[in-house]
Amino acid sequence: MTRELLKGNVAIGEAAIRAGVQAYFGYPITPQTELLEYMAWRMADLGRVFLQAESEIAAINMVYGAACTGARVMTSSSSPGFSLMQEGLSYIAASDVPAVVVDMMRGGPGLGNILPSQGDYFQVTRSAGHGDYRPIVLAPASVQEAIDLTMLAFDLADRYRHVVILAADGQIGQMMEPAELPPMQPLTAAPPWALRGAQGRAPNRISSLYMHAESAEAANRRIQSRLSQIRQYEQRSLEYATEDAELLVTGYGTAGRIALSAVQAAREQGLKVGLLRPLTLFPFPEERLSVLADRVQACLVVEMNAGQMLDDVRLAVGGQIPVEFYGRMGGVVPMPDELLTVISRMYRRVAAPA
Amino acid sequence: MLQEITPVMLPVYERPAALAGVHTHYCPGCTHGIAHRLVAEALDELGLREQTIMVAPVGCAVFAYQYFEMDGCEAAHGRAPAMATGIKRLLPDRTVLTYQGDGDLASIGIAELIHAAARGEPFTTIFVNNAIYGMTGGQMSPESLEGQRTSSTPGGRDVQRTGFPLKVCELIAGLEGTAYVVRRSLHDVASIRKAKKAIVTALKVQQAGAGFSLVELLSTCPTNWGLTPADALTWVEEHMLPQYPVGDYKVSAAALRAAAG
Ligand SMILES: Cc1ncc(C[n+]2csc(CCOP(=O)(O)OP(=O)(O)O)c2C)c(N)n1
Ligand code: SF4
């Protein structure tokens, strides 16, 4: 296997192809358009389905239909377009069909701008649509991780028959880094529940409609039991220098990556600082965080938003330690030096009181 | 000697194989039931039941996927053409149908319909036009007639304020992607027979991959029109037909060949 210089958006597209994606439906929006453009020629070359939809509403409903045939399918968008997918995502989740959606987050709210942001954390993790469910959410911090998590996304979507969102800030889509792509996987066979015509069998029916309270509650319980399995088995995070850390920094995606540089610099100055970088935003790596909360004096959450994962961190540490927040908004990416200043000030206050 | 004679019962009217043996929840006299039966008969005649996937709408026909004995799913309100596009693109050799009411198709889902039609997606849409939102209790739809009383136009539809009835066949016939676009009515036996023929033709057009096909069926909603089933049929004839003339709005050359074949 060789490493090649790849742009994030293109890497995600090629990873999806190698994972066996059979159909891509999407609508142009910066900063994810290169992904759509890549799929346009690459899927055609492979004889797979590519279609530029008339809107993100149509795109997600094309995904819904295509997913009902049992194929691996995906769409990608960025924040305003992702908002338009909410209804479809909810239907998909309620129907137990797998689908992979990329949200290359940009500055908001409103039309905002095309700069990298993590402002959709609530939207992607809290439900991404109406009703009681949560999608699986993966957060890459490099081009390599974008590839690996795209592959994982398709596997998790199939395993749990659930919506998986690859939530990356726009920076991940735009940057170029050396990375290694996995080999091409064979296409998956259609599962027995797929809609392909009731030839020689009873009809398969896929819907999210439950007229009676009892059957609707049973459907909700089914979703919730799936989610509790996901919570049990799929929490993922990476750590740096947490063994003896007194201050724990946590952040995901680009914010987590920049936080790592700042934490490394703090270590060089002799500060006992560690980093926890969640790879799964849902399920949130609360188990690992609560273990670490027992050991450290305090926790600093770093995000490119006004403090959204902050809520999950607070829930996970359950008031055991002080939790503080540092964030930049509207497409501003924090600098390592800037974070180092925040970290050392907080360290002096909470970890090593004079 | 007297012989006992066992009477032989010959079925003259059976449930089509493509229709599931379940009760529907449609109101008495509602033409959704007729439309279902016609679709099922057409699929049976062409031997398509086992290779068809039906996309149900949001509206009174929301359970259509349960009323047909074939694979089916239920789309979000108005999104059936997008869902059908996803299915048909993955399974181009299967027959794909959407079944949609006028609120679903002509209001919230008009964008999905027009773009599926413009792309020439080779699936078939059965468009049940009863000029009202049935399921939500009789509000105005884009198809409601001028002056028609609905629960959201209590004084009758004022076209100056609420716009004019949206004529779907006329609108999409001009799109190059459409192959077969026709309007039929379900208000009497002769019309029903013609409607059935049109559905068969639309399915043949789909099988030939000739482009997008749509059969509009002028239908009743006795419940929300506040009419008896019989009066509702008369209302279709007297009020809807003049506004929504039945006819063939588009039969492309390829569709003609498919229909003949
Ligand atoms: C997004 C959304 N908006 C509104 C509704 C409520 N709703 C359900 S059915 C319907 C209208 C259906 O009317 P029509 O398509 O004409 O079908 P009919 O019931 O007359 O057969 C509406 C507005 C919904 N389910 N989803
Ligand atoms: S409300 Fe109207 S459209 Fe709906 S089932 Fe009753 S009669 Fe038919």
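What's counted below: heavy atoms across the whole structure, side chains too, no hydrogens, waters or symmetry copies. Lettering follows sequence order; numbering is per chain, from 1.
Atom CD of B:E112 and atom CD1 of A:I57 lie 6.5 Å apart (nearest 0.5 Å). Summarising the geometry, atom OG1 belonging to A:T69 is positioned 7.5 Å from atom CD1 belonging to B:I87; distances are rounded to the nearest 0.5 Å. One finds the CG atom of A:L195 at 11.0 Å from the CE atom of B:M70 (value rounded to the nearest 0.5 Å).
Atom CD of B:E176 has 12 or fewer neighbouring heavy atoms from other residues, nucleotides or ligands inside a 6.0 Å radius. For A:L156, the CG atom counts as densely surrounded, since its 6.0 Å shell holds more than 12 non-hydrogen atoms of other residues, nucleotides or ligands. The environment of A:F50 atom CZ is dense: over 12 non-hydrogen atoms of other residues, nucleotides or ligands sit within 6.0 angstrom.
Of the listed residues B:C73, B:A56, B:G72, the one with more heavy-atom pairs under 4.5 angstrom with chain A than any other is B:G72. Most heavy-atom pairs under 4.5 Å with chain A, from the set B:T85, B:I114, B:T95, B:I53: that is B:I53. Highest contact tally toward chain A, considering only B:E50, B:M54, B:Q51, B:Q66, is held by B:E50 [criterion: heavy-atom pairs under 4.5 Å]. Between chain A and the options B:H77, B:R49, B:H115, B:K88, the largest number of non-hydrogen pairs under 4.5 Å is found for B:H115.
For A:I60, no part lies under 4.5 angstrom from a heavy atom of chain B. For A:R196, the parts lying near chain B are the backbone and the side chain together; criterion is any non-hydrogen pair under 4.5 Å. B:V58 touches chain A through its side chain: at least one heavy atom from C-beta onward sits under 4.5 Å away, while N, CA, C and O do not. Of the two parts of A:A194, only the backbone, made up of N, CA, C and O, holds a non-hydrogen atom closer than 4.5 Å to a non-hydrogen atom of chain B. Of the two parts of B:R89, the backbone and the side chain both hold a non-hydrogen atom closer than 4.5 Å to a non-hydrogen atom of chain A. With a 4.5 angstrom heavy-atom cutoff, B:A76 touches chain A via backbone and side-chain atoms both. Within the 4.5 angstrom heavy-atom criterion, only backbone atoms of B:A75 (N, CA, C, O) approach chain A.
Taking every heavy atom of both residues into account, A:A58 and B:A82 meet most closely at O-CB, 3.7 Å. Closest non-hydrogen pair, A:A198 versus B:D71, comes out as CB-OD1, 3.5 Å.
Using a 4.5 Å heavy-atom cutoff, the side chains of A:I206 and B:Y65 are not in contact. Side-chain contact check for A:Y64 versus B:R79: every heavy-atom pair is 4.5 Å or farther apart. Looking at B:L90 and A:M62, their side chains never come closer than 4.5 Å, going by heavy atoms from C-beta outward. By the 4.5 Å heavy-atom criterion applied to side chains, A:R205 and B:E74 are not counted as neighbours.
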Steps toward side-chain contact (heavy atoms from CB on, under 4.5 Å) verdict (B:R119, A:L51):
CA-CA 10 Å; B:R119 287 191 304 263; A:L51 185 59; 3.9 Å; yes

